[in-house]
Structure formats: C-alpha cells, structure tokens
Amino acid sequence: MAVAKPTAHFPAFENESGKDLHPTKALIKRLVETYGPSGHEEKIRALIQDEIKGLVDTTRVDALGNLIALKKGAGAGSRKKIMLAAHMDEIGVMVTHIDEKGFLRFASLGGVMPLTLVGHRCLFANGVIGAFGRERKDATANEIEMPRVFIDVGARDAHEMPVEIGAAAGFWREFADLGNRLIAKSMDDRVGCAVLIETLRALKKSPHDLYFVFTTQEEVGTRGATTSAYGIQPDIALAVDVTDTGDTPEGLTMAVALGKGPAIKVKDSGMLAHPGLKNALVATAKENKIPYQLEVLVGGSTDARAMQMTREGVPAGVVSIPTRYVHTPSEMVDFDDAQNTIKLLVKFLSEPIKTE
Ligand code: CO
Ligand code: ZN
C-alpha cells in the first residue's frame, strides 16, 4: 500500500467553485485555504505577492520573510510614513516525535487549544492531511490535554511516514460562505490580509507613503512585525487583525459583536492604542457614516504592540475585524464588517492624519 503520495489529495488553492463568489469573498477563500503556519509563509506570501501585482510601487521580502509593499504618496506637503500590518501566518502544529506505529506527537505553533483539535484535520506543506486523535485509556471525554493528543496521517508504521520531525501543519478546513457570515480556519489573519489587499485596490491615491506589510510569525510572538517595523521606521503604525466578540451564548463579557462594524482598538493585553490615532479613526468613521465599535480585548494582542515599541516608540493602533471562535478551525466573520473595514481604511489613508 502506498502512503498518501504527497500532493495526491492536495486541496486545490485555485478552487473553481470560488468563481461565482463576490470577488472579495473569493479573495478571502483563496487566502484562508492556503497553507502557512508561523515560520512557513512561503506559499501564502507568493499568493499575496501575486494578488498585489501592479497595485504598489515596490515590494521586497526581508530576512524574516515579511512581504513589504510600498505605495508612494502623491502630492506636495508633509508626507508621513504609515505602516499597515496584517499577519500572513496561521496557528498550527509541528511534529516532535514519530512512534513505531506511525503516530505523530507535536508542539503547537501559536495559541492552539487542545479542546479544538480532536476530530479535526491538519494540512502539511507537502499536502499530507492528518486527523487529530486522543489517547482514550483512563480518560473521560471532557479531559483533553495537549500531550495526550496525536496526529494520524494514515501511515501503517513509522517507515511509511510521509512527514518528518519538524514538519509543520495548519488546520485544514474549507472556506464556507453562509451569505453575510463566513467561516474558515485562519480568518486570523487572512481576513486582515484580504482587507489590506482590497484597500490597495480601492485606494486612488494617498498623501502618505504607505507600507503595506504582510508579516510573518505573529502567532509565535509578533516577530515579523518586530523586525519590519524597525526597518521601516514608520511615523504611524496600524495593525489589521481579528478580535474576539462577546455575542455568543454565555460568551466573553465584551462589547464587540459581529455585524456592528470594524472594532477600533482602545486596549488589549499587550498595548494601549495611541489615543490620538484611535480618535482619528473614530472621527473618520463618524464623518463617513461607517459603523464602528470600540474594542477592549482582555486576552491577546497583535502586531501593533511590536510596532508601537520599536525604536523610540511609534503611535500605533489597530482596526479589528470581529471574529467568533478565534483560534479554532471555524473562525467566523461578518462580510459587512470586512467591507466596512476596507471603507474605513480607504477614507483614513486618503486624507492628512492628525494624531495630536
Ligand atoms: Co491569532
Ligand atoms: Zn491574528
């Protein structure tokens, strides 16, 4: 018997069924279905590079793999350097051990919760798909601890193993279009990448030099944003990422809900947003009648933390896309929120920015 030949069952990235979708939904589908756990962003970076072709003046890839695209400002006057960041990486797992029977043990890449694994699938770079199983001996159904979870790639033993120690996998689930609501693994932060790409597409011109940075390794500690922000030395920094919501049964006590507009960050567990920048975003939303929410996130942070703390400090903020079930294989967003985030960014970047 042959072990699944790598790529034999590889899920198609350019899925034909995406063609009858709204173009932004089709873009989100392409992005979320592409492989790219932290530190393994080559495929997702190549896809984004392709999507932004012709929309920017220059692109480069730095040592940590960040994709840095510059759209130069137009017109005279004081020109600000603005860094926009959305992370390309997704949470995932990495093989640490292969046993005689061909079962894999793993370490997590980013904030993977054991509760979300069992019965789900993961996808390796070579196209191999694995199922997460758990040890059942002496365990009750509600005891799921990471060390007792394993991956089964269908190998009969360790000798016909199609992946090796150090191989990384992301979750594997298809994109689902429910109409206004969309579900996918890796909405965190591919929906942010989609928002940046669509912002580039919609933005006629800006008085500012705009650095659109698709960052790496956010989920393991905002490492890509740390080095790219240091290199760019922005005057203003803005992350576009997902945030939790408080709108599900017995959910978090949090004043953010799906469908009520982009969430303008006030605070999370890693940063306090620059108040002037936060107020400027709110003013833009109000002037343009774009719905928005104010966000205080108790657990978690974003690339904005790294950008804010670079060099001698940078005014930094975040525009968040409200997302249910963050860090599970079924992250849910509202399509109107995504579109309103694009609208807010286009308006914000088209005008001079006052953060005093
Ligand atoms: Co995340
Ligand atoms: Zn994120």
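Whatever order the structure lists ligands and atoms in, that order sets their numbers, starting from 1.
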*Output the atom name for the N/O/S atom of Glu219 with the smallest distance to the Co ion (ligand 1).*
OE2
*Taking 2.8 Å as the cut-off, does an N/O/S atom of His327 lie below it from the Co ion (ligand 1)?*
yes
*Glu42 with Arg45: basic N within carboxylate O range, under 4.0 Å*: no
*asked:* Side chains of Glu41 and Thr216 only: does a donor on one sit below 3.5 Å from an acceptor on the other?
replied: no
*Among Val318, Leu281, Thr284, the one residue meeting side-chain contact (heavy atoms from CB on, under 4.5 Å) with Ile264*: Leu281
*To the nearest 0.5 Å, how far apart are CG in Asp337 and OH in Tyr292?*
14.5 Å
*Of Glu90, Glu174, Glu331, which is the lone residue that meets salt bridge (Lys or Arg N to Asp or Glu O under 4.0 Å) with Lys185?*
Glu90
_For Asp209, is there an ion pair with Lys72 - N to carboxylate O distance below 4.0 angstrom?_
no
*Write the atom name of the N, O or S atom in Asp188 that is nearest the Co ion (ligand 1).*
OD2
*Go through the side-chain N and O atoms of His87 and Asp303 and say whether any donor and acceptor fall under 3.5 Å apart.*
no
_For the Zn ion (ligand 2), which protein N/O/S atoms fall under 2.8 Å? Skip waters._
His87 NE2, Asp188 OD1, Asp241 OD1, Asp241 OD2
